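Here the structure is laid out as structure tokens; the discussion comes afterwards.
In this text the structure is predicted, and so the values were computed from the model without any measurement. Values reported hereafter were calculated over all heavy atoms of this structure, with side chains retained and with hydrogens, waters and symmetry mates removed.
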Amino acid sequence: MTKVLIPSAISTLAHLVVIFSSNELTAYIAYAFYFSFATWISVFVFDFCIYYIKSRSLSKFFNFVVIPLAVLDTVSLFANIFHHFVFGLYYARWFRDFYLHYIPTGFLTIHVVFGQLLFIISFIALLRRVLKEPPAFRIRYYSILTFVFLIFASNIIYIFTGFPFNFSIIVYAVCFISSYYVLFNVLPRRLIQKTLGLITNNLKSGLVLLDTDKKCIYVNTFIKEIFGCDETTILAQDIFSDFETKKEKSQVYTESTFSEEFDFSYNGKRLILQISDYYIRENDITVGRYYLVEDITETKNQIYEEKILRTRDKLTGLFNQDYFFEKVEHRIKFDRFTQYMLIVTDIVNFKLINDLHGKAFGDTILLRIADSIRTHAASDDIYGRLFNDHFVMFIPKRHFDDKAYIEAFKSRTSYLTNFSYHLIGHMGVYEVDDLSLPVSVMCDRAFLALRTIKNDYMTTLAYYDDRLRLEVLQMQMLMNELPDALKAGQLVMYLQSQVTKDGKLVGAEALVRWHHPTRGVVPPSDFIEIIEKINIISDVDRFVWECACKKLSEWKKAGRKDLTISVNISAKDFFTMDLYEIFTSLVKKYDISPKNLNLEITETAVIFDLDNQMKLIDRLRSAGFIVEMDDFGSGYSSLNMLKDISVDVLKIDMAFLQKSKNNEKSRLILEKIIILAKELGMKVVTEGVESDNQIGFLSDAGCDLFQGFYFSRPIPVADFEEKYFN
């Protein structure tokens, strides 16, 4: 503003000096100031327009063209004081006898045109900017456009009327001051108000503005659309009166911010609105207040969905294991007087259902069971899916009727009755007698009950009792003692002989027994599962392999080079050890032949990574080891395994006959298996032999070797050597 006002003041004063002066030199000097500063007024107005519209191209034009021309014009006007080549003077009459007036020349015309041209360019630049702006913001340029036009018009009027006093200079100053005030004070406030109006109307939240008398003075578009009313009726809505009621009940300080959620129906849709109350203060004085109404439906739905994902089983929608535990713990914490039952379920051989009918069909079974649980559950029952086919229920004892639950569970699991495999379900029940136990331990106890009927197809439900408790305690004791027992040498190798039909010794199978310092000899059924659970099975296996190789080395030195020892390879060994390296190192270490160390595998040990395990077995056989397939017939794909895996010996368990009700059919199948093995170039060993009749039948069928109690139980190595060597 100063850039324009100072030249305007100097130019005006200089013009007054001209009018009241009769001295030529004074008049020439005053005219020089008058014309030159009038030029700079035009220059600064042009500069202001460039700054306001932010034009880079005009800015360069201003710096490299306008400024040099203005300087040249100023120099020529002050040079005119001495040479009079821009204008001359003559005496003219006005309100007094005479005053000195200028005589224009071509140079002065250029001066005038230059000044007016700057106003014209400024006007055109502003007009172009106006046309580019959105209609809502064109108001920013209307005032300055008008003022530039007025300045230009007043200049033209002055030039063509020949009026002695240049009133356009005053117009310059007045217009510029007015323009500056409008552009930087009035318009910003109006634009801010308009912008705020646009913002509030486009908010996805509602705004209700109240004055100090609690009268609504403004609502935005969101409020009008949701509630279908305006400023005059909005506060009559029940939702705002309910909000005020809750606010008064919730706090003492009525002018502190308060928020509350409300369910609201809009066009048939359920919305969740959060209303917050805010006070507007100026100098600690309340000058108004407003309600902020936010639609939090989507946020609430997202939180709910995330909770569902976190707490629910993806397939069935029941509580997942973690959330089931959490819910039960919460129930127990606040209700320690109700007696509860915890029930877990199991579907026998559910994996087989998936294998036979596909995962989609198995999922259908699980969904059917989940729906049945929902249907039969009481409102205060807690239930969920633990994992796989295992569901769990935590119910008050008063709800539990074992007969009703058995019938309900049987009806759920009868879904496959018309298919090739009948579905059998089991339930394990733990009557909660110790509420301080972790929920996971309660489930473990129910699973222990479940295990007692694992192979019982006639019994559906089993209870956890004191006998199971004692077994658990004993198992826990053994679990704690086993790692140290291995280090202390309490685990020893036993041998069970493998003989021909006439009793001639050919070899033995290496087995492990635990010589407990207080309990005596612990049978393998009591600790093998524990060894697997605490992940020392591979250590135990390697210990037995070492003992077997050491014993073969001793027998070799004693002249018994033809005897063999078979050792077992567990499923975990294939994934935790380099079996090829271990066995080749052992035979080298003890200087024995690989043909004397037979390696027993089961189909379940190799089925999970068949391609790689087949390659490993081929490498071991190429190195000279005899590979035996143990427990043939216990799985579901043994014939398929015979096709895929190359082994030297097939071991058949006589339990194959004992489990069948149709002995004749079983004998026929067993006979055909032996014939098939022979045709595939395998030897056959039958274990579990207990009678002369079995030996006669197996011999006739072509069995090569026999192993079982009929010949010898597993016995200590010293007893074995005493029996067969001495």
Side-chain angles (χ1 to χ4, degrees), residues 495-501 504-511 541 544-545 548-549 551-552 555-556 560-571 573-574 579-584 586-588 590 592-607 609-635 637-654 656 670-689 698-699 701-708:
L495 295 175
Q496 186 176 27
S497 60
Q498 295 174 344
V499 299
T500 61
K501 64 180 179 179
K504 180 183 177 183
L505 181 66
V506 175
E509 180 180 0
L511 302 167
D541 283 345
V544 174
W545 302 341
C549 291
K551 184 52 62 179
L552 285 171
W555 289 351
K556 177 183 176 181
R560 297 181 176 87
K561 298 181 180 180
D562 296 332
L563 293 179
T564 63
I565 295 181
S566 300
V567 295
N568 290 281
I569 302 177
S570 303
D573 297 339
F574 283 93
L579 294 177
Y580 182 83
E581 175 63 26
I582 289 173
F583 285 119
T584 53
L586 282 173
V587 296
K588 185 177 180 180
Y590 290 101
I592 60 175
S593 171
K595 293 187 180 296
N596 294 107
L597 185 64
N598 294 358
L599 310 179
E600 290 192 7
I601 64 170
T602 62
E603 57 181 305
T604 54
V606 298
I607 195 171
D609 190 10
L610 188 58
D611 291 340
N612 286 327
Q613 310 310 6
M614 285 169 59
K615 293 176 183 177
L616 173 61
I617 291 168
D618 289 341
R619 288 184 70 199
L620 290 169
R621 293 181 72 227
S622 298
F625 293 97
I626 303 299
V627 178
E628 304 176 356
M629 180 180 286
D630 195 13
D631 295 337
F632 183 79
S634 63
S637 55
S638 296
L639 290 177
N640 205 39
M641 296 297 291
L642 283 180
K643 173 177 67 70
D644 294 331
I645 300 179
S646 298
V647 295
D648 304 290
V649 178
L650 195 66
K651 290 192 74 173
I652 302 173
D653 195 333
M654 282 304 294
F656 180 83
L670 189 57
E671 185 178 344
K672 298 302 181 186
I673 291 174
I674 294 173
I675 294 171
L676 177 62
K678 291 292 185 178
E679 291 180 353
L680 292 174
M682 302 179 191
K683 286 185 177 182
V684 177
V685 178
T686 306
E687 55 186 343
V689 178
L698 292 168
S699 298
C703 183
D704 299 293
L705 298 176
F706 304 90
Q707 179 181 337

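- Note that CD1 of I673 and OG1 of T686 are 10.0 Å apart. Values are rounded to the nearest 0.5 Å.
- Two residues are said to be in side-chain contact when any heavy atoms from C-beta on lie closer than 4.5 Å; W545 and D573 meet this criterion.
- In plain terms, the two heavy atoms of S566 and E600 that are nearest each other are CB-OE2, 3.3 Å.
- We find the NZ-CD distance between K683 and E628 to be 10.0 Å, quoted to the nearest 0.5 Å.
- Between M629 and V647 there is a side-chain heavy-atom pair separated by less than 4.5 Å.
- In this structure, the separation between CD1 on I582 and SG on C549 is 11.0 Å, given to the nearest 0.5 Å.
- Atoms NZ and SG, from K678 and C703 in turn, are 7.5 Å apart once rounded to the nearest 0.5 Å.
- Shortest non-hydrogen contact noted between P594 and V587 is CA-CG1, 4.2 Å.
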Could you check T584 against K588 for side chain to side chain contact (heavy atoms under 4.5 Å, CB included), going step by step and ending with a plain yes or no?
CA-CA 6 Å; T584 53; K588 185 177 180 180; over 6 Å; no
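- Applying the side-chain hydrogen bond (donor to acceptor under 3.5 Å, both in side chains) test to Q498 and every residue at least two apart in sequence or in another chain returns Q707.
- Side-chain contact between L511 and E509 is present, with heavy atoms from C-beta onward closer than 4.5 Å.
- The heavy-atom pair separating L495 from A510 by the smallest distance is CD2-CA, 3.9 Å.
- Nearest heavy-atom pair, T500 versus F706, reported as atom, atom and distance to 0.1 Å: C-CD1, 3.7 Å.
- In this structure a side-chain-to-backbone donor-acceptor pair under 3.5 Å is present from S593 to K595.
- Residue I601 holds its CD1 atom at 9.0 Å from CG of L616, rounded to the nearest 0.5 Å.
- The closest side-chain heavy-atom distance from S646 to I617 is not below 4.5 Å.
- Judged as a side-chain contact (heavy atoms from CB on, under 4.5 Å), and not counting sequence neighbours, the contacts of I626 are N598, D648, V649.
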Report the C-alpha separation of I569 and L579 in whole Å, then their side-chain angles, then the decisive distance to 0.1 Å, and conclude whether the side chain to side chain contact (heavy atoms under 4.5 Å, CB included) test is met.
CA-CA 9 Å; I569 302 177; L579 294 177; 3.8 Å; yes
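- The structure places CG of L650 at 9.0 Å from CG of L680, a figure rounded to the nearest 0.5 Å.
- Using modelled atom types and a 3.5 Å distance limit, the side chains of T602 and D630 yield no donor-acceptor pair.
- With sequence neighbours left out, the side-chain hydrogen bond (donor to acceptor under 3.5 Å, both in side chains) criterion links S699 to no other residue.
- When all heavy atoms are compared, the tightest approach of D653 to G688 is OD1-CA, 4.5 Å.
- Listed by chain and residue number, nothing satisfies the side-chain hydrogen bond (donor to acceptor under 3.5 Å, both in side chains) test with K561 (two or more places apart in sequence, or in another chain).
- More than 12 heavy-atom neighbours from other residues, nucleotides or ligands sit within 6.0 angstrom of CG on N612.
- Contact check for V567 versus L599: side-chain heavy atoms found under the 4.5 Å cut-off.
- Considering only residues two or more places apart in sequence or on other chains, K551 meets the side-chain hydrogen bond (donor to acceptor under 3.5 Å, both in side chains) condition with E554, E721.
- Put simply, the side chain of V684 does not reach to within 4.5 Å of the side chain of K651, judged on heavy atoms.
- Nearest heavy-atom pair, A701 versus I674, reported as atom, atom and distance to 0.1 Å: O-CG2, 3.2 Å.
- R560 meets the side-chain contact (heavy atoms from CB on, under 4.5 Å) test with W555, A558, L563, F725; sequence neighbours excluded.
- Between the side chain of N596 and the backbone N or O of T564 there is no donor-acceptor pair closer than 3.5 Å.
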